[in-house]
Amino acid sequence: MKNRIILMVVAILMVTTIFAQVENPVKWNFSTDNVNGEEAELVFSATIDHPWHLYSANLPAGGPIATKPWYDESDAYSLVDGIIEVTKPKVKYDEGFRMDVGTLAGKAEFRQKVRFNNIGTQIVTGEIEFQVCDDATCLPPTTVPFSFEFNVGGETAATEAASTEAAAAESSPVEVTADISDSEEMAGEEIPATVSVTEEKVSSELAGVPAMEAEKSLWRFFWLAFGLGLLALLTPCVFPMIPMTVSFFMQGSDNRARGIFRGLVFGISIMAIYTLLGVIVSISNVGPNAANALSTHWIPNLIFFALFIVFAFSFFGMFELVLPSSWSNKADSQVDKGGLGGVFFLALTTVLVSFSCTGPIVGALLVEAAGGLALKPILGMFGFGLAFAIPFTLFAIFPSWLKGLPKSGGWLNAVKVVLGFVVLAFSMKFLLALDPTNKILTRELYLAVWIVLFSMLGMYFLGKIKFAHDSDLPHVSVPRLLLSVASFTFVVYLFLGLFGYELKTISPLLPPKSPNGLDLTQKAAYSGLPMAAADNNEECTPVKYADMFHMPFGLKGFYNLEEGLACAKASGKPVLIDFKGHFCSNCKKMEAAVWSDPEVLNTLRNDFVIVALYTDDRTKLPESEWYTSKVDGKVKKSIGQQNIDFEIANFRTNTIPLYVIMDADGNVVGEPKGTDLDVQSYLGWLKEGTR
């Protein structure tokens with residue numbers, strides 16, 4: 001009896017252990033809201049365990065799996081507009097995919113409005129697809145079924161919504177029922193508590209980690225705007241106005257305190273005018289999807305690109321962007337009235353008169369801010385106005401400092417020209433939305449344009465290029481020489497990107513690497529390897545899926561475990577199983593940071609038979625290869641489903657990347673290994689597996 005109890009305990013512990021590491025960090029809650037007549041909103045709410053994160057519903061091509069509901073075909077309803085992200089995603093640069101992606105942590109809510117075409121009972125069914133990752137591992141893309149039932153035009157005016165939680169791995173549909181009446185009484189009905197509570201929870205979570213990241217982004221933009229405000233002071237439209245404006249503060253002043261007070265009012269007025277401009281832009285950028293549409297849709301991005309080109313040509317002196325002269329004349333006429341009102345109108349006149357130089361800078365800032373948080377344009381314009389106002393206020397307090405100002409001259413126009421080159425270079429980023437797959441605007445073409453632009457900038461510093469309003473340059477000054485050296489140094493740095501180097505400093509601004517582009521980093525990694533190592537396992541030829549998948553860094557690998565084990569027996573080498581995914585950011589990080597190391601590459605190439613098993617591949621297999629899983633009882637029909645089932649059944653986890661070493665008989669050697677960005681640690685683990 002005692003032995004039976006022990007066996008039962010051991011069995012329970014074994015089952016518990018098997019499933020203890022199968023991650024299931026997302027729970028979904030489906031409900032309805034804003035039920036009105038023949039329209040309603042489907043609400044998809046996710047609770048995400050720490051430290052995992054979902055991905056946004058709107059991602060650029062070539063990135064991870066976006067969170068998106070897929071609907072079964074039906075003529076009973078139609079979708080109204082696209083899906084709305086109620087929870088603002090945190091945008092960050094993903095080193096694995098080499099692009100900015102939006103992520104959602106803690107809580108996430110998505111909404112989709114539907115319009116029903118018929119009365120009676122209507123059902124909306126489908127499944128929501130998503131992927132979760134943390135800083136070390138990812139899970140394969142997962143789908144959760146849902147089912148919403150509505151009574152459109154029913155006798156009752158009440159709206160009922162039943163919400164059910166569903167774990168990410170569960171297969172049973174989540175049902176939500178609701179009655180929709182087209183009677184006027186519907187307007188007075190209350191929305192179910194489950195819906196409003198969900199919205200409140202989501203809103204409260206916005207003060208968490210994503211909000212902290214958003215705050216950092218806002219402050220970075222503030223300092224960028226502040227720096228551009230200081231730079232705007234050095235343009236020919238603004239710099240000469242400083243001493244003239246300060247002299248106005250001192251005129252008729254019986255004491256210095258009055259001049260200082262006027263200077264302070266003038267500075268505050270400047271900040272208020274620019275901040276008001278930011279408020280106007282912020283108010284116009286309304287709706288949960290407005291920022292995303294501005295940053296991802298091709299039409300606004302094409303408009304922004306055209307605006308940046310106009311701003312750049314204006315800086316080059318092709319034309320001037322000026323406001324109607326009547327505006328500045330009316331403002332100037334109010335200055336003579338004196339008092340605080342006169343000081344304010346002097347500030348307004350300064351803003352209007354300097355627009356031909358500051359307009360392109362302010363416009364570029366507002367365009368950049370329009371695709372972000374509502375507070376971004378306000379904070380940006382406040383920072384610009386603060387920097388713009390500081391010298392006027394300081395010179396009003398310390399008028400003797402005016403003697404130290406450098407004289408106006410050709411260098412002021414040079415500042416405009418340099419800004420023109422910079423704006424022209426940054427305009428390229430808006431073209432990325434027009435070609436999300438980078439088939440035309442490749443990384444190489446993008447870099448080539450930058451190389452030409454900054455080469456021209458270096459030649460401009462040396463006086464080899466002259467624009468319309470430039471003064472004659474009899475000799476090259478030391479500052480110009482140093483700036484030309486900096487420009488050409490940057491050009492050399494950009495050249496490295498044409499040959500496959502990462503350019504990590506500016507990589508967020510660039511398209512991802514072209515798969516067919518020249519990459520000397522791989523060839524450099526192979527240099528020094530023995531000639532015999534150039535072609536691993538010559539006696540083994542991958543067959544299954546070899547035309548579909550490819551190994552990084554020119555490595556030879558298999559995509560079917562049986563083929564890999566057969567090759568291992570023939571070559572006498574152990575097998576390295578690489579559980580990975582097409583959309584796995586951490587898998588790409590491991591390859592870029594660890595597998596690219598020459599010693600690691602040497603070990604992989606010479607000492608292992610590599611088997612790459614994609615757990616997220618959706619290729620459907622012939623029906624003869626389908627099987628029913630012993631893990632969850634489902635029929636596994638695709639390559640990815642079978643690979644993830646094999647991983648869970650044998651290694652008690654569904655996380656990727658996962659590296660497993662096996663001998664030729666299929667016995668596991670040592671412990672499996674997840675993400676480990678320490679090259680020496682990973683290399684030591686590999687060598688342990690060959691002993």
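Residue numbers run from 1 in the order of the sequence given.
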Point to revise | Test item: Thr615 side-chain N/O and Lys580 main-chain N/O as donor-acceptor pair under 3.5 Å | key: yes
Review point. Under 3.5 Å, is there a donor-acceptor pair between the side chain of Gln112 and the main chain of Leu79?
Key: no
Check your understanding: Given the side-chain rings of Tyr614 and Tyr545, with only the six-membered ring counted for Trp, is the space between their centroids under 6.0 Å?
Key -> no
Check your understanding: Does Glu109 pair with Arg111 as a salt bridge, N-O distance under 4.0 Å?
Key -> yes
Review point. Mind checking whether Phe148 and Phe44 have parallel, tilted or perpendicular rings, split at 30° and 60°?
Key: perpendicular
Check: residues 662-669 side-chain donor-acceptor pairs under 3.5 Å, at least two apart:
unit_1, atom_1, unit_2, atom_2, d
Asp663, OD1, Asp665, N, 2.9
Asp663, OD1, Gly666, N, 3.0
Asp663, OD1, Asn667, N, 2.8
Asp663, OD2, Asn667, ND2, 3.2

Practice item. Could you please spell out the steps behind the side-chain hydrogen bond (donor to acceptor under 3.5 Å, both in side chains) verdict for Thr47 and Lys107? Key: CA-CA 5 Å; Thr47 302; Lys107 295 280 186 180; 3.2 Å; yes
Exercise for review: Using the test salt bridge (Lys or Arg N to Asp or Glu O under 4.0 Å), find all partners of Asp134 that sit at least two apart in sequence or belong to another chain.
Suggested key: none
Check your understanding: Can you list the residues that meet the side-chain contact (heavy atoms from CB on, under 4.5 Å) rule with Asp547, with sequence neighbours excluded?
Key -> none
Review point. Among side-chain atoms of Thr653 and Glu647, is any donor-acceptor pair under 3.5 angstrom?
Key: no
Review point. Just wondering, are more than 12 heavy atoms of other shown residues or ligands nearer than 6.0 Å to NZ in Lys68?
Key: no
**Study point:** Any donor-acceptor N/O pair, Thr628 side chain to Lys634 backbone, under 3.5 Å
**Key:** no
**Study point:** pair check: Cys133 + Cys138, SG-SG < 2.5 Å
**Key:** yes
Review point. Is the backbone N or O of Asn606 less than 3.5 Å from a side-chain atom of Lys573, with the two atoms forming a donor-acceptor pair by type?
Key: yes
Exercise for review: Would you verify whether the NZ or CZ of Lys687 falls within 45 degrees of the ring axis of Trp685 while also being under 6.0 Å from that six-membered ring's centre?
Suggested key: no
Check your understanding: If you measure from the Lys or Arg side-chain nitrogens to the Asp or Glu carboxylate oxygens, is any gap between Lys544 and Glu625 under 4.0 Å?
Key -> yes
**Study point:** Partners passing side-chain contact (heavy atoms from CB on, under 4.5 Å) against Gln642 (at least two apart in sequence or in another chain)
**Key:** Leu621, Tyr627, Lys636
Practice item. Please confirm whether the backbone N or O of His582 pairs with a side-chain atom of Asp616, one donor and one acceptor, at under 3.5 Å? Key: yes
Point to revise | Under 3.5 Å: donor-acceptor pair, side chain of Glu127, backbone of Thr143 | key: no
Study note, to complete from the structure: ring pair (Phe, Tyr, Trp, His ring centres under 6.0 Å) filter on Tyr71, not counting sequence neighbours, yields Phe146
Revision key, fill the gap. Taken in chain and number order and not counting sequence neighbours, the residues that satisfy salt bridge (Lys or Arg N to Asp or Glu O under 4.0 Å) with Glu129 are Arg618
Exercise for review: Drop me the distance from Asn560's CG to Phe549's CZ, to the nearest 0.5 angstrom.
Suggested key: 11.0 Å
Practice item. Please step through side-chain hydrogen bond (donor to acceptor under 3.5 Å, both in side chains) for the pair Ser629 and Asp645, ending with a clear verdict. Key: CA-CA 7 Å; Ser629 170; Asp645 185 66; 2.5 Å; yes
Check your understanding: For the ring pair Tyr55 and Phe130, is the centre-to-centre distance below 6.0 Å?
Key -> no
**Study point:** Donor-acceptor under 3.5 Å (Gln641 side chain, Lys637 main chain)
**Key:** yes
